There are 2 protein chains.
Amino acid sequence: MTRRATIPVQSAAARPRGKTRNGKSRNDKTAERNGRTDAIDLSPLPDRVGYMLRRAQLAVFKNFVRTCAEFDIRPAQYAVLTVIENNPGLKQIDISTALGIKRTNLVALIDLLERRGLARREPVPADRRSYALHLTARGKTLMGKLHARVDAHEQQVRDALGAEARDRLLPMMRRLIAALGPGSADEES
Amino acid sequence: MTRRATIPVQSAAARPRGKTRNGKSRNDKTAERNGRTDAIDLSPLPDRVGYMLRRAQLAVFKNFVRTCAEFDIRPAQYAVLTVIENNPGLKQIDISTALGIKRTNLVALIDLLERRGLARREPVPADRRSYALHLTARGKTLMGKLHARVDAHEQQVRDALGAEARDRLLPMMRRLIAALGPGSADEES
DNA sequence: TATTGTTATACTCTATAACTATA
DNA sequence: TATAGTTATAGAGTATAACAATA
């Protein structure tokens, strides 16, 4: 190996903070062994909403990508296609606002969809700065199959959640977004 | 403007799919106007767990970053620092597994923490392939202040959620992760 | 042979500044 | 002046392949 010089070792036992911050008493299972047979103390991360939200979101997105692998469609692409499908003639700035994607980042996304023959930019005579977005025939056909796949994905997710949680989760997410502000674009600094 | 050639316009009215897929009857408010005064139809996105999870996660992370701006610490850095704090002497591979960060991506993260003088790689005599990770004194001091900030952030999030939701959300996230598999590294393909 | 850390690389997503052509 | 789309660019985060040192 070709790295880092040797550094004087410090006693590894000291608990950084006075309190333990969770239930587990450090040292009943010494974590500083080799094979790492005992569990790692993640506290307080598993009790943080943000951390668990992130892990869960990654798991759900991964399932989405796997489910839609046949069509090579990612969540963001599906969202844009869906909005165009529901609101044909929309401008990019409208999609940007609706989905919280900065208009500057939407360009490449639309470019891709256009290159793949799924969506189309059409000139707007009334305002020659903007484009009216539409699905192509191929895009519409794809969405037909895609929605079915995404429905299947959603069913897996809801099965994982269980019946009682299913109806409570979405309102929670809405409350978080409303109270903390939308996490993405929009606020155009 | 220097782009795209003119494309023949197609009728913008046609509803792409046979069914409406949501409650809103398209066309009671025609969406194809100019000023975009009426709402955009996002269905079925706001009812998708993945979509709402993503929007909420971005909102929460944004709040986290804002709250910890003074220390210039991002969620991933906080997670790594926390794990090292709780389990001094840990190897990178252990952190990788615990947090779902690929060991290959953890390198730059640890490099940064080391460069900032917050963490330290120490040689392990028993296994000269790996390093034992520790917080520096400066890292420990930072974590003291940081935990307080993150606690404040967490309180804001929990206030936004409301009391009844607070206790239900985390178990839901656990169920999603358990059922769908951890979204990140680990499974080392 | 397998594991640990590493480099190199690529792709997605997010973000800011600045330009253009229109309005 | 403001808006819509764009370019250029930068930084996180995630992903794979391949290597050296060590087990």
Side-chain angles (χ1 to χ4, degrees), chain A residues 1-4 34-36 54-55 57-59 61-62 64-66 72-80 90-97 99-112 114 121-133 182-189, chain B residues 1-4 34-36 54-55 57-59 61-62 64-66 72-80 90-97 99-112 114 121-133 182-189:
Chain A
M1 203 174 288
T2 167
R3 289 178 62 263
R4 251 165 294 278
N34 279 10
R36 198 38 52 183
R54 174 61 170 162
R55 297 297 300 254
Q57 181 257 310
L58 283 175
F61 267 35
K62 204 159 208 174
F64 182 104
V65 170
R66 199 186 318 126
D72 191 25
I73 289 289
R74 293 190 49 81
Q77 298 167 10
Y78 171 71
V80 170
L90 218 57
K91 297 185 296 181
Q92 289 179 202
I93 187 71
D94 300 321
I95 297 181
S96 174
T97 304
L99 292 180
I101 301 173
K102 293 200 178 290
R103 73 189 197 285
T104 183
N105 292 326
L106 196 59
V107 175
L109 229 169
I110 306 280
D111 282 350
L112 178 65
E114 215 175 19
R121 282 184 252 230
E122 297 180 357
V124 177
D127 184 346
R128 287 159 55 214
R129 292 173 302 181
S130 63
Y131 293 99
L133 296 169
S184 293
D186 316 313
E187 320 103 290
E188 198 68 40
S189 86
Chain B
M1 203 175 289
T2 168
R3 290 178 62 260
R4 252 165 294 278
N34 279 11
R36 195 46 42 192
R54 174 62 169 160
R55 297 297 299 255
Q57 180 257 309
L58 284 175
F61 267 36
K62 204 158 209 174
F64 182 103
V65 171
R66 198 185 320 128
D72 191 25
I73 289 289
R74 295 190 48 81
Q77 298 167 10
Y78 171 71
V80 170
L90 218 57
K91 297 185 295 180
Q92 290 180 200
I93 188 71
D94 299 322
I95 297 181
S96 174
T97 304
L99 293 180
I101 301 173
K102 292 200 178 292
R103 74 188 196 284
T104 182
N105 292 327
L106 196 60
V107 175
L109 229 170
I110 305 279
D111 282 349
L112 176 66
E114 215 175 20
R121 283 184 251 230
E122 296 180 359
V124 177
D127 184 347
R128 286 160 55 212
R129 292 173 303 180
S130 62
Y131 293 98
L133 296 170
S184 294
D186 316 311
E187 319 103 293
E188 198 67 41
S189 87

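Chain letters run A, B, ... following the sequence lines, proteins first, then strands; residues in each count from 1. Please read these numbers as outputs of a predicted model, since none were measured by experiment. Only this structure's heavy atoms are used, side chains among them; waters, hydrogens and symmetry mates stay out.
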Does some side-chain heavy atom of A:Leu133 sit less than 4.5 Å from a side-chain heavy atom of A:Lys91? no

Side chain to side chain contact (heavy atoms under 4.5 Å, CB included) partners of A:Ala79, counting only residues at least two apart: A:Leu99, B:Leu45

By nearest atom, which of the nucleotides C:dC13, D:dT7, C:dT6 is closest to the B:Arg121 side chain? C:dT6

If I take atom CZ in residue A:Arg74 and atom P in nucleotide C:dT14, what distance separates them, rounded to the nearest angstrom? 10 Å

Return the nearest nucleotide to the side chain of A:Lys102; candidates are D:dG13, C:dT6, C:dT16. C:dT16

Distance, rounded to the nearest Å, where A:Leu109 contributes CG and D:dG5 contributes P: 14 Å

Pick the nucleotide of DNA chain D nearest each of A:Asn105 and B:Phe61; which residue has the one closer to the 5' end? A:Asn105

Gap between atoms CD1 and P, on B:Ile101 and D:dT16 respectively (whole Å): 15 Å

Without decimals, in angstroms, what is the distance between B:Leu99 CG and D:dT14 P? 10 Å

Below the 4.0 Å mark, does D:dA15 have OP1 or OP2 next to a side-chain nitrogen or oxygen of A:Lys62? yes

For the residue pair A:Arg54 and B:Gln57, establish whether any side-chain heavy-atom pair is separated by less than 4.5 Å. yes

Closest to the 5' end of DNA chain C, once A:Thr104 and A:Gln77 are matched to their nearest nucleotides, is A:Gln77

Nucleotide of D:dT7, C:dA23, C:dT4 approaching A:Arg129 most closely (side-chain heavy atoms): C:dA23

Checking B:Arg74 now: which residues fulfil side-chain hydrogen bond (donor to acceptor under 3.5 Å, both in side chains) with it, not counting sequence neighbours? none

Does any part of the side chain of B:Leu106, heavy atoms only, come nearer than 4.5 Å to the side chain of B:Val80, both counted from C-beta? yes

Between P on C:dA15 and CG on A:Leu106, what's the gap in Å once rounded to a whole number? 14 Å

Between D:dA4 (P) and A:Leu133 (CG): distance, integer Å: 13 Å

Starting at CG of B:Leu112 and ending at P of D:dA12, how long is that distance when rounded to a whole Å? 8 Å

Nearest-neighbour nucleotide for the A:Arg54 side chain, D:dA4, D:dA15, D:dG13 considered: D:dG13

Mark yes or no for a side-chain to base donor-acceptor pair under 3.5 Å between A:Asp127 and D:dA4, with no hydrogen or angle criteria applied. no

Rounded to the nearest 0.5 Å, what separates atom CZ in A:Arg103 from atom CD1 in A:Ile101? 14.0 Å

Please tell me if B:Arg128 has a side-chain N or O lying less than 4.0 Å from either OP1 or OP2 of D:dT22. yes

CD (A:Gln92) and OG1 (A:Thr97) are apart, to the nearest 0.5 Å, by 11.5 Å

Can you tell me which nucleotide in D:dT14, C:dT4, C:dT6 comes closest to the side chain of A:Leu58? D:dT14

Separation of A:Ile95 atom CD1 from D:dG5 atom C1', in whole Å? 13 Å

Within the pair A:Lys91 and D:dA4, is there a side-chain N or O less than 4.0 Å away from OP1 or OP2? yes

Quick check for you: among C:dT4, C:dA15, C:dA18, whose closest atom lies nearest to any side-chain atom of A:Arg103? C:dA18

Where each pair must be Watson-Crick or G-U wobble with both distances under 3.5 Å, what dot-bracket representation of DNA chain C is obtained, with crossing pairs in [ ] and other-strand partners as |? |||||||||||||||||||||||

Smallest heavy-atom separation, B:Leu109 atom then B:Ala76 atom, equals CD1-CB, 4.3 Å

Indicate whether OP1 or OP2 belonging to C:dT6 is found under 4.0 Å from a side-chain N or O atom of B:Gln92. yes

